[in-house]
There are 2 protein chains.
Amino acid sequence: MTSITGDQALVKKINTSIVLNTITRYAPLSRAKVSELTGLNKATVSNLVQELCDHHLVEEIGPGESRGGRKPRLLLFNGKAGCAVGIEIRLTQMVGVLTDLEGNILAEEEKQLERHDLSFVLETMTQMIQALMGMAPASPYGVVGVGVGVPGMVDGEGNILYAPNLGWEMAPMRQLLEDKLGIQVTIDNEANAGAQGEFRFGAGRDAKHLLYISAGSGIGSGIIINGELYKGARGYAGETGHMTIEADGRACTCGNRGCWELYASEKTYASAAPPLPSRHTRELVSHAQHEHPQVVRHFADMGRFLGVGITNLVNSFNPQRVVIGGPLADARPWIAGAMETVVSQRTLPYHREVMEITFAELGSRSTVIGAAYSAISLFLGPVRVSTM
Amino acid sequence: MTSITGDQALVKKINTSIVLNTITRYAPLSRAKVSELTGLNKATVSNLVQELCDHHLVEEIGPGESRGGRKPRLLLFNGKAGCAVGIEIRLTQMVGVLTDLEGNILAEEEKQLERHDLSFVLETMTQMIQALMGMAPASPYGVVGVGVGVPGMVDGEGNILYAPNLGWEMAPMRQLLEDKLGIQVTIDNEANAGAQGEFRFGAGRDAKHLLYISAGSGIGSGIIINGELYKGARGYAGETGHMTIEADGRACTCGNRGCWELYASEKTYASAAPPLPSRHTRELVSHAQHEHPQVVRHFADMGRFLGVGITNLVNSFNPQRVVIGGPLADARPWIAGAMETVVSQRTLPYHREVMEITFAELGSRSTVIGAAYSAISLFLGPVRVSTM
DNA sequence: TTACTTTGTTTAACCAATAGACAAAGTCGA
DNA sequence: TCGACTTTGTCTATTGGTTAAACAAAGTAA
């Protein structure tokens, strides 16, 4: 067993984490304000801030306005103390970013993926990571880690269990990358990373319970509960694309019937009758912009089915906010209306009251930024305590 | 903000909780074993155990077998240090139990409920609680609290937001009961309480991620994540009965269509064609025992639809175990087969691998025992720390 | 009887948070 | 300009928890 036991080191870790979080959230602010906000003693705050300054994670930016007494010495989280790399593997391309510790993008790379075999992708990825690391400005910590978002199921050890669209099974990606790069790596499911990105830097910033829907070639979702990513018993909760919304519906490759993603993802393009003018969301969006009636109708249908699935998830999870991301978010103008109508008709009134539905603020970068944040989070090492 | 900050008192609370949990789980065992299992220093364990003994929560039961050295002095959690009362409000009756701190039932009461108005139910409940409290044996702490399981949505403050079957809305039940009884009260949703009961004392004992399905007049579910009950943004996650499994299915009173509980709960009895010989599960079960073909077929159909909904939840939550409870669990022999077939056909293989489906071990007492445990849990005050 | 084990307690040291005193640096009214 | 008051941040002694290490207690085995 040997769970985490309590000692003074833990106390210090907890309080340091509280102080750092408070500073990032309410910056710029004084030590006195931190003390007031956290309930920690002024002396304690002073000591911890001193240490954070020594470690370059917090900076003093000079005096602020006095309100009838000594001027406060304002503190700031030093996002420039280090960088992180985020990578997203998509079906036809790989994207990567270099961010600072606050999630600001410093550099961006993109590359087409002609092949999907593991060794090729790994090689491409290594090159991209090294290129991005090379662009990192000088900083106390340098690149603190690499985060990767993958369209597939990932366990807690960073092994890719199953990525049907890439044809991978049981790939120990974290280990492989760490051995190659000699730096800390975290692997996440694409939707989970997207959830983290929007939760930390995008449309979900002040929601403790967030549901992120990644709609594209399939549907995945990332669930944030109590500010933490929920990963399920073996690390792959959120495979909601295979939720049944028609008990006797069309057969899915997963073995189930009537799966949500057969009705509300890009998978609908192939089976549409009569055939759609394209099978790519980007082109269909431009058709919709020219008011192509069939395309507009198709998007509305997808919106309707999206709403059905979202309703199910909302009734089960009771989130504060639902964020819709992924390639289909580009079709927002044509799907949002139908979706919102269905959701407001179908969800239980008490759920609706506390829930908002929004679209991703980070656009197509939700996942890649979320992946980078996974690495940052690991570096900063947050601690959570809950007393019941 | 003023979150929980770290200080020595917190450390002590954490470690006391760890020690107490270790003793309850691995009892009987020695101080040395506790130290080894927890990683805490022997001296720390000795001190904390001393204090727990002083508070009558732990007892020494004498020496154990020596293994080549001094004989260990074996410790036991003292479940007799206090009692708790658990109450469950059902549609036609109220049941109550008096338990010790280990969930053992010491006394049991049952009463028919002719009416559902709040004041009548409250009065009946008060009488039952006082009767049960009167039966409590002498103990250091006496009755430490009362837990209530209610068929409806409950917020974090113990207010019943909405209980359609009882016709209640916005009832501040916890406050009302505490004022009347002068003792700590916790209110939980019926399915959440059931989940706690099975998780702590029944079929879910060693599952960290548990999904409890309460199937009866409707379907509710309790979700335990990481050993903790998940309650959602405002305290009422798990309203899974209103999950759509037929996008264009029958209309439900909730405003949605094709809700799960229209196909897999006692609600199916009314609309069956030709009419079933009864509309009560108990009687239908006895018909099934006499191999009444229509009833057997009806149960199988319900099992099939139960399976569809369970598949959805499993794909979303990836639990370690699914426990099926509630009145419909009595029809297990006729629903289990169809349900299991559907689940094994439909769930993603990776989910299936780590998941078991079982039926409630506490029978019809899951909820009432779980409600009592809520009160016990509040009294013992567990603390959880997670470092990421 | 002796050597070795295992259990549990005692002791002194350590260290983080804290209250409260205090120093530093300001505002504001007369 | 002066003095009273405020606010910020540091310093000091105290408290109270964990810990390592020594030690005492109580056993086994040869």
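All values below were derived from every heavy atom in this structure, side-chain atoms included, with hydrogens, water molecules and symmetry-related copies excluded. Just so it is clear: chains get the letters A, B, ... in the order the sequence lines come, proteins before strands, and each one is counted from 1.
- The shortest distance between the side-chain N/O atoms of B:Asn41 and the OP1/OP2 oxygens of D:dT18 is not below 4.0 Å.
- Straight-line distance from the CG atom of A:Leu74 to the P atom of D:dT7: 16 Å, rounded to whole Å.
- B:Ser30 has a side-chain polar atom (N or O) that falls below the 4.0 Å cut-off from OP1 or OP2 of C:dG8.
- Residue contacts shown for B:Lys12 are limited to sugar-phosphate atoms, with no base heavy atom under 4.0 Å away.
- Under 3.5 Å, the side chains of A:Gln196 and A:Asn192 contain no donor-acceptor pair of N or O atoms.
- Put simply, B:Arg31 has a side-chain N or O that comes within less than 4.0 Å of OP1 or OP2 on C:dT9.
- Within the 4.0 angstrom heavy-atom criterion, only backbone atoms of the sugar-phosphate kind lie near A:Asp7; the bases stay farther away.
- Panel note: side chain B:Gln320, backbone B:His209; a donor-acceptor pair is recorded below 3.5 Å.
- A donor-acceptor pair shorter than 3.5 Å cannot be found between the side chains of B:Asn47 and B:Glu51.
- Side-chain contact between B:Val58 and B:Cys53 is present, with heavy atoms from C-beta onward closer than 4.5 Å.
- Residue B:Asn15 places no side-chain N or O under 4.0 Å from the OP1 or OP2 atom of D:dG17.
- Using a 4.0 Å heavy-atom criterion, one finds that B:Ala32 contacts the sugar-phosphate atoms exclusively.
- Residue A:Thr44 is in base contact, counting any heavy-atom pair closer than 4.0 Å across all strands shown.
- Nearest-nucleotide positions on DNA chain C for A:Leu48 and A:Ser66 put A:Leu48 closer to the 5' end.
- Using a 4.0 Å heavy-atom criterion, one finds that A:Asn47 contacts no nucleic acid atom at all.
- Distance NZ (A:Lys33) to C1' (D:dT7): 11 Å, rounded to an integer number of Å.
- One interatomic measurement links the two molecules: CG of A:Leu40 to C1' of D:dG9, which rounds to 15 Å at whole-angstrom precision.
- In this entry the distance linking NZ of A:Lys13 with C1' of C:dA17 reads 18 Å, nearest Å.
- Side chain B:Arg70 to base C:dT7: a donor-acceptor pair is found below 3.5 Å.
- Residue B:Gln8 places its side chain closer to D:dG16 than to any other of C:dA17, D:dG16, D:dA25.
- Side-chain nitrogen and oxygen atoms of B:Arg73 include at least one within less than 4.0 Å of the OP1 or OP2 phosphate oxygen of C:dT9.
- Rounded to whole Å, atom P of D:dT6 lies 16 Å from atom CD of A:Glu36.
- Screening B:Leu48, B:Val49, B:Val45, B:Ile18 for a side-chain contact (heavy atoms from CB on, under 4.5 Å) involving B:Val34 leaves a single residue, B:Val45.
- Among the nucleotides D:dC11, D:dG9, D:dT28, the one closest to the side chain of A:Ala43 is D:dC11.
- Across the protein-nucleic acid pair, B:Gln50 atom CD and C:dT9 atom P stand 7 Å apart, rounded to whole Å.
- Between A:Ile14 atom CD1 and D:dG17 atom C1' there is a gap of 14 Å when expressed in whole angstrom units.
- For A:Lys42, the side-chain atoms get nearest to D:dG9 when compared with the rest of D:dG17, D:dA25, D:dG9.
- A:Glu65 has its CD atom 10 Å from the P atom of C:dC28, to the nearest Å.
- Here the CZ-CG distance, from A:Arg25 to A:Leu20, works out to 12.0 Å after rounding to the nearest 0.5 Å.
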